[in-house]
Amino acid sequence: MEYWSNGVMGGGRPNTPLLHHSNSSVIFAMAVANDESPLVRELRSLPGLRLKLAEPLARYTSMKIGGPADYFIDVENGAALAALLALLRRHHLPVCLLGNGSNVLVSDRGVRGAVLHLSGEFKKVVWHDAGEFVRVTVGAAYAVTQLVREAARKGYAGLEFAEGIPGSVGGALVMNAGAYGSEFEKVVEQVEGVNTAGEPIIFCRDEMTFTYRDSHLPAGTVVTRVAMRLQKAEAVAVSSKLRELVGKRKSSQPSGFPNSGSMFRNPPEDFAGRLIEAAGLKGTRVNQAQIAERHGNFIVNLGGAKADDVHQLMELARAEVHRQFGVELVAEVKLIGEWGKI
Ligand SMILES: Cc1cc2nc3c(=O)[nH]c(=O)nc-3n(C[C@H](O)[C@H](O)[C@H](O)COP(=O)(O)OP(=O)(O)OC[C@H]3O[C@@H](n4cnc5c(N)ncnc54)[C@H](O)[C@@H]3O)c2cc1C
């Protein structure tokens with residue numbers, strides 16, 4: 001059975017003996033750390049991969065929260081990715097992609113199956129002068145902020161809106177990340193990726209449908225490269241626009257504590273942050289997780305917060321906003337891993 005849930009793809013249960021007593025992630029993680037199953041031997045034999053067993057995910061997320069991934073796999077190049085996906089499919093192992101982890105909430109119990117993280121070849125960028133405009137072809141693991149700043153230095157306009165979005169190009173594309181009136185869909189020309197079988201796929205812009213915070217790619221697509229079209233402009237003007245937007249961001253968003261950006265999508269004609277503030281919830285805490293004082297749609301980790309604490313705050317915000325205003329808030333962050341009842 002194929003299933004997808006909040007960015008987690010799967011094809012049944014892993015065929016390792018490790019899932020039998022998985023109530024405690026600690027016991028589970030220790031068991032996985034000693035795993036020398038045929039699957040692990042196969043994974044270790046594939047070139048272009050770095051495998052870590054029972055790897056805690058907190059260090060890979062902007063919220064600094066998240067339990068262990070059974071199989072955390074750094075993938076260096078396209079050939080390795082194709083071989084890996086084919087192998088994981090053969091073993092019916094669930095697969096989840098992690099970019100810069102800036103739009104996820106990873107469960108304290110961690111993620112069963114494989115978590116893939118792109119690096120190496122997926123961090124390349126190529127600039128191409130196409131006459132009236134410029135085309136940049138950039139790997140999915142490239143940092144959005146780095147791309148934005150390079151474009152500004154070169155005097156290429158179109159990506160200024162993305163300054164301060166701490167994601168990878170792949171994650172930003174999948175989320176159709178946006179701010180200040182623009183979104184990735186405005187600059188995307190073509191997307192390259194692989195499907196669940198590890199086969200290459202290409203989507204041209206006119207074959208794609210973007211909506212608010214969604215690029216509607218087929219379930220299981222791993223984005224590997226994105227081509228974007230930027231406009232030639234004055235470097236001074238692009239840099240000045242960047243500075244203006246950095247200032248706006250600084251004055252409206254909490255800084256200093258780890259977070260995942262906006263927790264909820266904005267409902268039509270309104271703002272999730274405004275509704276949460278109007279519900280009187282700013283500053284509300286569950287243990288070390290807090291609805292930010294500065295922005296109602298941010299939850300900050302004051303130090304040592306658990307995913308369950310954040311999840312409880314999200315449920316509280318959802319319930320109160322619904323009770324007081326009749327509005328159903330929808331999560332923008334992707335909940336990844338094993339979630340039980342609170
Ligand atoms: C301080 C702060 C400010 C933010 N500001 C904004 C903002 O202004 N606008 C905005 O839209 N967002 C914002 N975000 C949210 C976040 O940065 C964006 O959604 C970002 O694009 C996510 O990219 P990522 O690489 O971190 O993705 P992740 O969080 O790692 O993943 C997000 C989703 O994309 C999937 N994914 C990641 N990479 C790939 C890939 N290569 N192929 C297939 N699927 C993939 C994951 O499985 C997951 O479902 C902010 C976050 C923070 C912490």
Side-chain angles (χ1 to χ4, degrees), residues 4-9 57 60-66 69 75 78 81 85 94-106 111 113-119 122-123 138-148 159-185 191-196 201 203 210 212-226 245-246 248-250 252-266 273 292 294-295 297-301 331-337:
W4 264 85
S5 164
N6 290 319
V8 180
M9 169 184 69
L57 293 180
Y60 302 97
T61 68
S62 60
M63 227 181 204
K64 303 297 168 221
I65 288 176
V75 190
L81 179 63
L85 287 171
V95 176
C96 170
L97 249 291
L98 196 61
N100 278 359
S102 64
N103 201 57
V104 293
L105 179 61
V106 178
V111 185
V115 172
L116 274 47
H117 190 246
L118 305 181
S119 59
F122 301 109
K123 286 192 170 171
V138 56
Y142 209 78
V144 168
T145 46
Q146 195 179 340
L147 184 67
V148 170
L159 275 171
E160 301 88 295
F161 75 91
E163 171 59 26
I165 296 183
S168 65
V169 164
L173 184 279
V174 167
M175 295 302 303
N176 189 20
Y180 307 113
S182 198
E183 295 167 305
F184 267 81
E185 67 164 306
V191 174
E192 292 174 36
V194 289
N195 64 18
T196 51
I201 34 175
F203 303 97
F210 290 94
Y212 173 61
R213 300 297 168 267
D214 201 344
S215 61
H216 301 277
L217 289 172
T221 304
V222 178
V223 174
T224 54
R225 229 155 54 130
V226 182
L245 295 182
V246 169
K248 272 194 183 175
R249 208 174 258 278
K250 275 198 175 144
S252 64
Q253 294 185 359
S255 57
F257 291 109
N259 64 75
S260 277
S262 298
M263 303 303 289
F264 297 100
R265 292 159 171 249
N266 288 325
R294 191 178 254 190
H295 194 310
N297 202 16
F298 278 60
I299 294 179
V300 292
N301 176 0
E332 179 172 319
V333 293
K334 303 287 184 188
L335 267 58
I336 287 182

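Numbering of ligands and ligand atoms starts at 1, following listing order. Everything quoted here is computed from the prediction, not taken from an experiment. Values below: all heavy atoms of this structure, side chains included; hydrogens, waters and symmetry mates excluded.
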Any donor and acceptor pair, going by atom type alone, linking the side chain of [X] with main-chain N or O of [Y] inside 3.5 Å?
X: Asn176; Y: Glu185; answer: yes
X: Asn297; Y: Ser262; answer: no
X: Arg294; Y: Ser255; answer: no
X: Tyr180; Y: Glu160; answer: no
X: Asn103; Y: Glu332; answer: yes
X: Arg213; Y: Gly178; answer: yes
X: Thr224; Y: Glu192; answer: yes

State the atoms of ligand 1, each with its element, that fall below the 4.0 Å cut-off from a heavy-atom position in [X].
X: Arg213; value: 11 (O)
X: Val104; value: 29 (O), 31 (O)
X: Ser260; value: 51 (C), 52 (C), 53 (C)
X: Leu98; value: 30 (O)
X: Ala179; value: 8 (O)
X: Gly167; value: 17 (O), 20 (C), 23 (O), 24 (P), 25 (O), 26 (O)
X: Ser62; value: 53 (C)
X: Pro166; value: 2 (C), 3 (C), 4 (C), 17 (O), 50 (C), 51 (C), 52 (C), 53 (C)

ask   = Is Glu183 touching ligand 1 with its side chain, its backbone, both, or neither, if touching means heavy atoms under 4.0 Å apart?
value =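 The answer is neither.
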task = Check Leu217 against ligand 1 and report side chain, backbone, both or neither, counting heavy atoms closer than 4.0 Å.
result =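 It is neither; nothing of Leu217 touches ligand 1.
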Which option, [options], owns the non-hydrogen atom nearest [atom]?
atom: atom 53 (C) of ligand 1; options: Ser255, Gly261, Ala172; answer: Gly261
atom: atom 6 (C) of ligand 1; options: Val333, Val194, Ile165, Leu118; answer: Ile165
atom: atom 7 (C) of ligand 1; options: Gly178, Ala177, Ser215; answer: Gly178
atom: atom 24 (P) of ligand 1; options: Asn103, Val95, Asn100; answer: Asn100
atom: atom 22 (C) of ligand 1; options: Ser102, Pro254, Ala140; answer: Ser102

request  = Take atom NZ of Lys123 as the centre, draw a 6.0 Å sphere, and report whether it contains more than 12 heavy atoms from other residues, nucleotides or ligands.
outcome  =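 Not more than 12 within 6.0 Å, no.
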key: Non-hydrogen atoms of Val174 and Leu217 that approach each other most closely   =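 Smallest heavy-atom distance, with atoms named: CG2-CD1, 4.3 Å.
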key: Which atom of Gln253 lies closest to which atom of Phe298, heavy atoms considered   =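 Minimum heavy-atom separation between Gln253 and Phe298: CD-CZ, 3.5 Å.
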Check: [X] N/O within less than 3.5 Å of ligand 1 N/O:
X: Cys96; answer: no
X: Ser168; answer: yes
X: Met175; answer: no

key: Which residues share a side-chain contact (heavy atoms from CB on, under 4.5 Å) with Ala140, sequence neighbours left out   = Leu118, Val223
request  = Look at ligand 1 and say whether Met63 reaches it with a heavy atom at a distance under 4.0 Å.
outcome  = no
inquiry  = Nearest 0.5 angstrom please: Phe184 CZ to Ile165 CD1, how far?
reply    =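 If we round to the nearest 0.5 Å, Phe184:CZ and Ile165:CD1 are 6.0 Å apart.
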